[in-house]
Structure formats: structure tokens, C-alpha cells
Amino acid sequence: SPIMEELITFHDHAFMAMSLISFLVLYALLSTLTTKLTNTNITNAQEMETIWTILPAIILILIALPSLRILYLTDEVNDPSFTIKSIGHQWYWTYEYTDYGGLIFNSYMLPPLFLNPGDLRLLEVDNRVVLPIEAPVRMMITSQDVLHSWTIPTLGLKTDAVPGRLNQTVFTA
């Protein structure tokens with residue numbers, strides 16, 4: 001999904017910044033340990049103190065701005081063409097297709113005896129949710145009893161199901 005592409009790009013951006021900082025600190029540490037020359041004037045250099053105080057703040061801002069952009073992109077609701085309500089229960093999920101006559105079904109995990117070769121234990125269910133492709137879908141997520149987590153990792157989605165609270169997320173598969 002486009003959101004997952006943004007998340008991967010941000011991960012690469014933050015990892016590059018972290019790698020450059022790590023290599024710079026490692027180089028400074030190794031050069032300090034291996035060189036025999038010491039300069040006592042560097043401990044009183046105000047320009048150097050100003051630089052190593054301001055530079056980390058600038059780096060943090062350069063990391064925070066793309067992060068905030070992605071945060072607001074994931075919260076954006078763009079006229080969904082489809083709405084599904086998902087209710088988490090102790091051992092199953094209930095799905096309601098509210099736009100299509102109130103179609104309601106339960107989705108239970110399959111016990112290990114009913115798994116086929118290649119099926120994933122604790123992830124296979126008897127009734128799967130069917131989602132349209134290239135259409136914005138709004139998921140309304142809540143819980144009836146305890147905290148749950150509704151997630152599709154490949155789309156970059158993870159929303160908590162909290163009793164008494166209705167969370168929503170919008171995505172395009």
C-alpha cells in the first residue's frame with residue numbers, strides 16, 4: 001500500500017541518519033584512543049560546543065518531520081467507498097459489512113487438527129474477510145471484552161481494539 005511504501009522510505013531515511021551518526025562517533029572514539037597527540041585547547045572551544053549542541057537538534061528535526069507527515073497520512077480519511085466494522089472478542093472477531101445490508105459473520109481460528117500443510121498456526125481462520133482492491137476501505141475497530149490488536153502488516157496497518165472505544169483506519173489494498 002502507499003502508506004507501507006512511505007513507512008519503508010522513512011525507515012531507510014532514519015536508518016541512514018543513525019548509521020552516519022554511529023560511524024562518526026565510532027571514528028571520533030577510535031581516533032581519540034589511537035592518537036598520541038592531545039590538544040588541551042579543544043576543551044575550551046565554545047564554537048565546537050555550539051556545533052555539537054545544535055547539530056543533534058537539527059538531525060532530530062530532520063527525522064521528526066517525515067515521521068509527522070506519515071503520522072498524519074495514516075490518520076487521513078478520504079471518502080471511503082466501503083466500511084467494515086470489526087469487533088474483537090476473546091477468541092474470535094465479528095465483521096459487519098455495514099454498506100451491504102448488514103452482512104455479519106464471525107471469524108474463528110482454526111484448531112491445529114483442521115490445518116492443511118502450509119497453513120499458519122494461530123493465523124488461519126474459518127471465514128476470511130474479503131476486501132476490494134484499489135478502493136479505499138474504512139475499518140471501524142472496537143472490542144467487546146479485552147484489548148485486541150487488528151493488523152495487516154503488509155499494508156502497514158495496526159489498530160488497537162479497545163472496549164468502549166471506536167477506532168478507525170482507512171487503507172487501500
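The basis for the numbers below is simple: all heavy atoms, side chains too, and nothing from hydrogens, waters or symmetry mates.
Note on Val125 and Tyr108: separate hydrophobic clusters, where clusters join Ile, Leu, Val, Met, Phe, Trp and Tyr whose side-chain heavy atoms are under 4.5 Å apart, directly or indirectly. Note: the hydrophobic cluster containing Val130 also contains Leu103 (ILVMFWY, side chain heavy atoms under 4.5 Å, direct or indirect links). Both Val129 and Leu157 sit in one connected hydrophobic cluster of ILVMFWY residues. Membership requires side-chain heavy atoms under 4.5 Å apart, directly or through other members. Note on Phe114: it does not cluster hydrophobically with Leu122, by side-chain heavy-atom contacts below 4.5 Å among ILVMFWY residues.
Side-chain contact, Thr94 with Asn106: a donor N or O sits under 3.5 Å from an acceptor N or O.
Side-chain contact check for Thr151 versus Thr159: every heavy-atom pair is 4.5 Å or farther apart. When side chains are defined from C-beta on, Val137 counts as touching Pro132, because their heavy atoms get closer than 4.5 Å. In this structure, the side chains of Tyr95 and Ile84 come closer than 4.5 Å at one or more pairs of heavy atoms. At least one side-chain heavy atom of Tyr97 sits under 4.5 Å from a side-chain heavy atom of Phe82. You'll find the side chain of Ile61 stays beyond 4.5 Å of the side chain of Ile63, heavy atoms only. Contact check for Arg128 versus Ser107: no side-chain heavy atoms found under the 4.5 Å cut-off. Leu131 has its side chain within reach of Ile152: a pair of non-hydrogen atoms, C-beta onward, lies under 4.5 Å apart. Using a 4.5 Å cut-off on side-chain heavy atoms (C-beta onward), Arg138 and Val170 make contact.
Contacts of Leu120 classified as side chain to side chain contact (heavy atoms under 4.5 Å, CB included), with partners at least two apart in sequence or in another chain: Leu123, Glu124. For Glu96, there are no side-chain hydrogen bond (donor to acceptor under 3.5 Å, both in side chains) partners two or more places apart in sequence or in a different chain.
For the atom pair NE2 (His13) and CE (Met18), the distance works out to 12.0 Å, reported to the nearest 0.5 Å. Atom CG of residue Leu55 and atom CG of residue Leu60 lie 10.0 Å apart, to the nearest 0.5 angstrom. Taken to the nearest 0.5 Å, the CG atom of Asp145 stands 11.0 Å off from the CD1 atom of Ile87. A distance of 11.5 Å separates CZ in Phe23 from CG in Leu30, rounded to the nearest 0.5 Å. Ile54 CD1 to Ile59 CD1: the interatomic distance, rounded to the nearest 0.5 Å, is 12.0 Å.
Nearest heavy atom pair, residue Met4 against residue Gly156, reads SD-CA, 3.4 Å. Of all non-hydrogen atoms in Lys85 and Leu166, the two that sit nearest each other are CE-CD1, 4.4 Å. Smallest separation of non-hydrogen atoms from Ser86 and Met139: CB-CE, 3.7 Å. Here the closest heavy-atom approach between residue Trp93 and residue Thr142 is recorded as CZ3-O, 4.3 Å. Taking every heavy atom of both residues into account, Phe105 and Asn127 meet most closely at CD1-CB, 3.7 Å. Looking at every heavy atom in both residues, Met140 comes nearest to Thr83 through CG-CG2, 4.0 Å.
The closest donor-acceptor contact from the side chain of His89 to the backbone of Ser143 lies at 3.5 Å or more, if one exists at all. Asp12 places no side-chain N or O within 3.5 Å of a backbone atom of Thr9 that could act as its donor or acceptor partner. At distances below 3.5 Å, not a single donor-acceptor pair connects side-chain atoms of Asn167 with backbone N or O atoms of Ile141.
Surrounding CD1 of Ile133 are at most 12 heavy atoms belonging to other residues, nucleotides or ligands under 6.0 Å away.
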